[in-house]
Peer 1: 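My structure is below; once you've seen it, I'll send some questions.
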There are 2 protein chains.
Amino acid sequence: MPSVTGCRGLYGEAVADTRQRLIDGTIETIRTHGLNGTTARSIAATAGVNQALVFYHFGTVHDLLQAACLAATQARVAPFVERLDEVTDLRQLLALGRSLQADERAQGNVTVLAQMLAGAQADPKLAEATATALQLWIAPIESALTRLLADSPVAEVIDTPGLARAVSAGFVGLELYEGVDPEGTEAALDALDRLAVLIEVVDDLGPIALRALRGKLRRTTKKSR
Amino acid sequence: MPSVTGCRGLYGEAVADTRQRLIDGTIETIRTHGLNGTTARSIAATAGVNQALVFYHFGTVHDLLQAACLAATQARVAPFVERLDEVTDLRQLLALGRSLQADERAQGNVTVLAQMLAGAQADPKLAEATATALQLWIAPIESALTRLLADSPVAEVIDTPGLARAVSAGFVGLELYEGVDPEGTEAALDALDRLAVLIEVVDDLGPIALRALRGKLRRTTKKSR
DNA sequence: GTCTATAACGAGATAGAC
DNA sequence: GTCTATCTCGTTATAGAC
């Protein structure tokens with residue numbers, strides 16, 4: 001197989017190819033074995049390369065983890081952003097979220113992110129890489145929310161950046177929860193579906209009810225803070 | 001210190017005390033070192049006992065993890081249930097949730113649950129124990145939600161068991177997210193706060209608006225499923 | 001760049017004295 | 001029940017041949 005860069009070693013293999021195989025192998029290994037079972041040996045086995053190459057190309061297993069996390073996230077976010085731009089209301093946004101989650105689940109990418117997030121708790125270096133990766137998801141979601149809620153009375157009291165983070169973090173939690181209770185996760189997603197409908201319904205209320213709601217929202221919010 | 005059971009070994013130490021120290025030490029070790037850093041040696045060091053006692057009392061590190069996870073959760077859920085019974089509306093429920101999360105965060109218990117959840121993804125045995133522990137949280141939350149939403153039009157379209165799971169899973173996700181972005185988590189919780197206000201406001205609408213809302217909720221929900 | 005071989009270390013787990 | 005000592009294995013990482 002020809003390499004993109006054309007670089008080849010004494011053994012005739014392409015360099016860029018090996019690096020990419022290691023990155024892909026890392027993601028796949030986290031997905032199937034968890035972060036705990038992701039060692040230089042298991043990664044190399046999955047990637048079909050020699051174990052020592054992990055250290056030649058990335059120095060440490062740790063650095064490979066970071067590189068793989070970022071690369072995988074970037075690759076997945078790009079197509080998502082395109083679909084996100086076509087969303088015109090909250091229900092479509094949630095539908096996209098579910099469709100996305102189904103895709104990600106099948107590919108195991110949210111699992112990877114969840115594993116990184118868990119591992120990051122006791123590892124500042126990993127935390128940095130994970131926060132960056134998660135931000136890649138959050139930013140476009142925040143943009144979409146801001147756009148969708150621009151004309152809504154709800155926008156006055158909802159903090160869009162905060163909501164975007166809550167949604168993203170919530171999805172990660174759901175993904176983890178799915179690992180121990182798949183049926184429960186389906187029920188949870190259904191419940192969220194209906195909550196989104198609720199917000200949308202509020203948006204579509206007649207002018208009278210809407211004005212009353214607006215006043216109440218403001219008063220109640222002030223009181224509770 | 002006198003033991004509950006009174007059992008003592010040749011070295012004069014109480015048995016129940018050592019078991020409890022190991023369980024407490026396990027939780028503390030997960031909290032500070034993550035699941036990855038929780039080894040028989042690190043647990044024993046934290047608990048202040050000999051490393052071999054892990055295997056004498058629990059057979060394997062794995063079994064100790066399960067036991068500690070369940071014990072810690074049960075101990076924490078009990079007082080929570082009492083406070084939950086006193087909640088009379090959704091905002092109080094969320095306020096309790098935030099207060100609880102602050103406590104849990106300070107004690108590191110949700111972190112423990114999150115670590116278990118992450119580890120459970122690649123470990124069926126651990127998954128079972130974690131699902132049981134999480135269910136200890138979900139059950140009382142579900143009861144409270146059912147009680148609070150009993151007289152609400154929202155109850156007709158919201159799936160309470162699903163919502164309870166979504167809330168629980170979401171909190172775990174937020175806890176993990178907090179490890180990599182504390183400020184973002186605060187913003188996310190604020191956003192959820194306001195969402196809860198929204199539901200409550202809908203509940204307090206006048207009879208006319210409420211009837212219109214009810215019809216719309218039914219129609220929209222049917223359409224979207 | 002890739003391979004084999006191996007060093008250095010920490011992990012789970014056990015044996016046997018006390 | 002508790003302790004010390006130790007076995008065995010898997011891990012990261014490196015040295016050096018090709």
Peer 1: So does Glu28(A) pair up with Arg31(A), basic N to acidic O under 4.0 Å?
Peer 2: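 A salt bridge is present here (some side-chain N lies under 4.0 Å from a carboxylate O).
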Peer 1: Show the atom names and distances, to 0.1 Å, of all donor-acceptor pairs under 3.5 Å that link a side chain in residues 108-123 of chain B to residues at least two apart or in another chain.
Peer 2:
| residue | atom | partner | partner atom | Å |
| --- | --- | --- | --- | --- |
| Asn109(B) | ND2 | Gln107(B) | OE1 | 3.1 |
| Thr111(B) | OG1 | Glu175(B) | OE2 | 2.8 |
| Gln115(B) | OE1 | Leu35(B) | N | 2.9 |
| Gln115(B) | NE2 | Ala118(A) | O | 2.7 |
| Gln121(B) | NE2 | Leu176(A) | O | 2.6 |
| Gln121(B) | NE2 | Leu117(B) | O | 3.1 |
| Asp123(B) | OD1 | Lys125(B) | N | 3.1 |
| Asp123(B) | OD1 | Leu126(B) | N | 3.2 |
| Asp123(B) | OD2 | His62(B) | NE2 | 3.4 |

Peer 1: Whole angstrom is fine here: how far is it from CZ in Phe55(B) over to P in dA13(C)?
Peer 2: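 Nearest whole value for this atom pair: 5 Å.
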Peer 1: How long is the span from the CD atom in Gln135(B) to the OG atom in Ser168(B), to the nearest 0.5 Å?
Peer 2: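 The CD atom of Gln135(B) sits 8.5 Å away from the OG atom of Ser168(B).
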Peer 1: So does His62(B) get a side-chain nitrogen or oxygen closer than 4.0 Å to the phosphate oxygens (OP1/OP2) of dG12(C)?
Peer 2: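 No.
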Peer 1: Starting from P on dC3(C), measure out to CG on Leu22(A) and report it in whole angstrom.
Peer 2: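 One finds 11 Å between P of dC3(C) and CG of Leu22(A), rounded.
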Peer 1: Any chance you could measure Tyr177(B), atom OH, to Thr185(B), atom OG1, to the nearest 0.5 Å?
Peer 2: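 Atom-to-atom, Tyr177(B):OH and Thr185(B):OG1 are 6.0 Å apart.
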Peer 1: Take a 6.0 Å sphere around CD of Glu186(B) and say whether it holds more than 12 heavy atoms from other residues, nucleotides or ligands.
Peer 2: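 For Glu186(B), atom CD is crowded (more than 12 foreign heavy atoms under 6.0 Å).
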Peer 1: Please pick, from dC3(C), dA13(C), dT4(D), the nucleotide with the shortest atom-to-atom distance to any side-chain atom of Leu53(A).
Peer 2: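 Between dC3(C), dA13(C), dT4(D), the one nearest the side chain of Leu53(A) would be dC3(C).
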Peer 1: Taking for each residue the nucleotide of DNA chain C bearing the nearest heavy atom, is the 5' side occupied by Tyr56(A) or by Gln51(A)?
Peer 2: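 Comparing both residues, the 5'-ward one is Tyr56(A).
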Peer 1: dA13(C), dT4(C), dT2(C): which one has an atom nearest the side-chain heavy atoms of Ala52(A)?
Peer 2: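 When the side chain of Ala52(A) is considered, dT4(C) is the closest of dA13(C), dT4(C), dT2(C).
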Peer 1: Closest to the His57(A) side chain: dG1(C), dT2(D), dT4(D)?
Peer 2: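 Between dG1(C), dT2(D), dT4(D), the one nearest the side chain of His57(A) would be dG1(C).
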Peer 1: Pull out every residue in residues 31-45 of chain B that has a heavy atom closer than 4.0 Å to any atom of DNA chain C, ordered by number, or say none.
Peer 2: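 Close to the strand are Thr39(B), Ala40(B), Arg41(B).
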Peer 1: Between Thr60(B) and dG12(C), is there a contact of a side-chain N or O with OP1 or OP2 at under 4.0 Å?
Peer 2: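 False: Thr60(B) side-chain N/O out of range (4.0 Å or more) of dG12(C) OP1/OP2.
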Peer 1: Quick one: Phe58(B) CZ to dT14(C) C1', roughly how many Å, whole number?
Peer 2: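 Answer to the nearest Å: 18 Å.
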Peer 1: Residues in salt bridge (charged side-chain N to carboxylate O under 4.0 Å, His left out) with Arg21(B), at least two apart?
Peer 2: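 Salt bridge (charged side-chain N to carboxylate O under 4.0 Å, His left out) check on Arg21(B) returns nothing, list empty.
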Peer 1: Between C1' on dG16(D) and CG on Asn50(A), what's the gap in Å once rounded to a whole number?
Peer 2: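 Asn50(A) atom CG is separated from dG16(D) atom C1' by 14 Å.
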Peer 1: Nearest whole Å is fine: how far is dA13(D) C1' from Leu64(A) CG?
Peer 2: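 Result: 14 Å.
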Peer 1: List the atom of Phe171(A), the atom of Gly97(A), and the distance in Å for their closest heavy-atom pair.
Peer 2: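 The pair with the smallest heavy-atom distance is CE2-O, 3.5 Å.
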